[in-house]
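Atoms considered below: every heavy atom in the structure, side chains included; atoms not considered: hydrogens, waters and symmetry mates. Reminder, nothing fancy here: chain letters follow the sequence lines and each chain counts from 1. Keep in mind that what you see is a predicted model, and the values were worked out from it rather than measured.
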Number of protein chains: 2
Amino acid sequence: MAVTPPARLLPRKRPHQKRAAVTVDAIFEATVQVLLTQGLDQLTTTRVAARAGVSVGTLYQYFPNKQSLLYALNEHYLDVVAVKVETCCARMQGACLADMVEELVGVYWQAKMERADLTRALYRSVAELDNDALIEVFARRTNAATEAMLRTASDARHSDTTLVTTTLLAVIFGTVRNVFERDLPAPLQNKLRGELAKMCLSYLKAT
Amino acid sequence: MAVTPPARLLPRKRPHQKRAAVTVDAIFEATVQVLLTQGLDQLTTTRVAARAGVSVGTLYQYFPNKQSLLYALNEHYLDVVAVKVETCCARMQGACLADMVEELVGVYWQAKMERADLTRALYRSVAELDNDALIEVFARRTNAATEAMLRTASDARHSDTTLVTTTLLAVIFGTVRNVFERDLPAPLQNKLRGELAKMCLSYLKAT
DNA sequence: CCCAGACGTGAACAATGCTTCATATATTAT
DNA sequence: ATAATATATGAAGCATTGTTCACGTCTGGG
């Protein structure tokens, strides 16, 4: 249950002046660019720094090592997704199960798909990381939001909402990742999204 | 729809004499050992060769580069799992949906769990590979077997068995992977396996 | 028994990349 | 204006590792 990220992956210091903030932003953006155009194995600190228009030394002033860069990137994008899920769940409180599921799947799917290439790159990059803390935090947040939503469902109540929630999210998150791994044609992807929602709904109704 | 693996990932030559076969086996086994004890980032050709008790040169006689080693490993273990799924599907032809799902989920889950640490290591290692061909072949095989099984179900028939099959497998494979990614306590893992089967069944019944 | 080809060796090479540090410049506070 | 602090630089150090190759050793068929 460790939620504390390893110290070696944390940023070295925060920017205090304006230009430093600009620099850090540029480094982030450059990391994404290099990841997308050159790929994970071509992602080197020197290349990122070059792309960001700063020197390597500058990069190392804010990130203690290469991995901490990827860590921060993943942290950021997981946070974006978590916020979307939380917002969605809050909005759908009191709705019926069908609407809840449709929205939940839709929001998560969309969040991943709208930047598909980046999503894929990040999925790959986490493999090189000690990502337990990231996953843990993301799971906690989405679980809490979803469980709270499900408890307000207008058309059903479950005996073990916690288990149902965990299952639901494991299935949704896992399936989406699986779809990303195989490079399926877009029409089939859309059908799968619908089928996934159907499956989740029939589970929620049946339990 | 490329099923041909990149040439640079294929073995350089096959062993012709007995001692060569022994050597190749030792290299495979050593790769697994290094992967488990040292981790993916510590997996170097020199280390693998040392662990296998051969020289690096020998390793390079059979594998053109480091990645081809991991490729061959993944290919092998995916084949093992595919065979298990195929056998299971063949065995369950004519059964009812509930039994089919229970077995399918059970066999796949078990196949991955019985060497959990290796599974985790391999999940990580594929991220560094051009694994399209691997995934594709595995998907084809399991899809064919599952679809053939579903068509013989004693208690239901689906209008679009192909789509149902693809959905089913995407969900099962994805969920299992998701469970691996988070390091959930064993009791919860078992509950999830049950819930996953329930979900799949209710989907198959409802469609 | 003999030798062509299969197999095995491991030092050395080449390339690359992470990270540091001494130095220089910019900003802010007083 | 001046000191103190924050930020930026990038060449060089250090370590690592993937890969080759010229040279020995072994095996099995004829």
Side-chain angles (χ1 to χ4, degrees), chain A residues 6-31 33-35 37-73 125 128-130, chain B residues 6-31 33-35 37-73 125 128-130:
Chain A
R8 60 185 304 284
L9 292 181
L10 292 181
R12 210 163 229 168
K13 69 176 183 188
R14 310 207 142 276
H16 286 115
Q17 305 178 355
K18 238 190 305 183
R19 78 187 152 138
V22 170
T23 298
V24 172
D25 279 355
I27 292 175
F28 268 105
E29 191 51 37
T31 309
Q33 291 306 321
V34 173
L35 214 47
T37 62
Q38 324 253 89
L40 180 59
D41 44 344
Q42 295 294 333
L43 186 113
T44 70
T45 49
T46 339
R47 244 185 282 266
V48 168
R51 177 104 201 188
V54 301
S55 80
V56 230
T58 301
L59 189 155
Y60 275 91
Q61 214 145 39
Y62 300 100
F63 301 95
N65 50 58
K66 178 184 159 183
Q67 299 186 1
S68 67
L69 243 183
L70 289 173
Y71 191 90
L73 247 198
S125 76
E128 308 199 331
L129 260 44
D130 189 358
Chain B
R8 58 186 305 284
L9 292 182
L10 292 182
R12 209 163 229 166
K13 70 174 183 188
R14 311 208 143 275
H16 286 115
Q17 304 178 357
K18 237 189 306 180
R19 82 188 149 138
V22 170
T23 299
V24 172
D25 278 355
I27 292 175
F28 269 104
E29 190 50 38
T31 309
Q33 289 308 320
V34 173
L35 214 48
T37 61
Q38 323 252 95
L40 181 58
D41 44 344
Q42 296 293 334
L43 185 111
T44 71
T45 48
T46 337
R47 244 184 284 264
V48 168
R51 177 103 201 189
V54 301
S55 81
V56 230
T58 301
L59 189 155
Y60 276 91
Q61 217 148 37
Y62 300 99
F63 302 94
N65 50 57
K66 178 184 158 181
Q67 299 186 3
S68 66
L69 241 185
L70 289 173
Y71 191 90
L73 246 199
S125 76
E128 307 198 333
L129 259 45
D130 189 357

Could you check how far [atom1] of [X] sits from [atom2] of [N], rounded to whole Å?
X	N	atom1	atom2	answer
Leu59(A)	dG17(C)	CG	P	15 Å
Gln42(B)	dT17(D)	CD	P	7 Å
Asn65(B)	dG18(D)	CG	P	10 Å
Gln17(B)	dA4(C)	CD	P	16 Å
Gln61(A)	dA26(C)	CD	P	15 Å
Arg8(B)	dT19(D)	CZ	C1'	13 Å
Phe63(A)	dT20(C)	CZ	C1'	18 Å

Could you please name the option among [options] that lies closest to any side-chain atom of [X]?
X	options	result
Arg19(B)	dT9(D), dA6(C), dT9(C)	dA6(C)
His16(B)	dC7(C), dC18(C), dT9(D)	dC7(C)
Tyr62(B)	dT19(D), dT27(C), dG8(C)	dG8(C)
Lys66(A)	dT19(C), dA8(D), dC7(C)	dT19(C)

Respond yes when some side-chain nitrogen or oxygen of [X] is under 4.0 Å from OP1 or OP2 of [N], and no when none is.
X	N	answer
Tyr60(A)	dT19(C)	yes
Lys18(A)	dA6(D)	no
Thr45(A)	dG17(C)	no
Ser55(A)	dT9(D)	yes
Arg12(B)	dT20(D)	yes
Arg47(B)	dT17(D)	yes

Could you check Thr37(A) against Arg51(A) for side-chain contact (heavy atoms from CB on, under 4.5 Å), going step by step and ending with a plain yes or no? CA-CA 11 Å; Thr37(A) 62; Arg51(A) 177 104 201 188; 4.2 Å; yes
Just checking Leu43(A): base, sugar-phosphate only, or nothing, at a heavy-atom cut-off of under 4.0 Å?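 Touches sugar-phosphate only.
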So, taking the atom named CG in Leu35(B) and the one named CG in Leu70(B), what distance separates them when rounded to the nearest 0.5 Å?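 Answer for the CG-CG pair, Leu35(B) versus Leu70(B), is 6.5 Å.
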Reported CD-to-OG1 distance for the pair Gln17(A) and Thr23(A), which is rounded to 0.5 angstrom: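 Answer for the CD-OG1 pair, Gln17(A) versus Thr23(A), is 10.0 Å.
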Taking the nucleotide of DNA chain C with the nearest heavy atom to each, does Thr23(B) or Thr46(A) sit closer to the 5' end?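 It is Thr23(B), whose closest nucleotide lies nearer the 5' terminus.
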Can Gln61(B) and Lys13(B) be said to form a side-chain contact (heavy atoms from CB on, under 4.5 Å), step by step? CA-CA 7 Å; Gln61(B) 217 148 37; Lys13(B) 70 174 183 188; 3.6 Å; yes
May I have the step-by-step check of side-chain contact (heavy atoms from CB on, under 4.5 Å) for Phe63(B) and Arg12(B), ending in yes or no? CA-CA 5 Å; Phe63(B) 302 94; Arg12(B) 209 163 229 166; over 6 Å; no
Check: dG8(C) base within 3.5 Å donor-acceptor of Thr58(B) side chain: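 Result: no qualifying N/O pair found.
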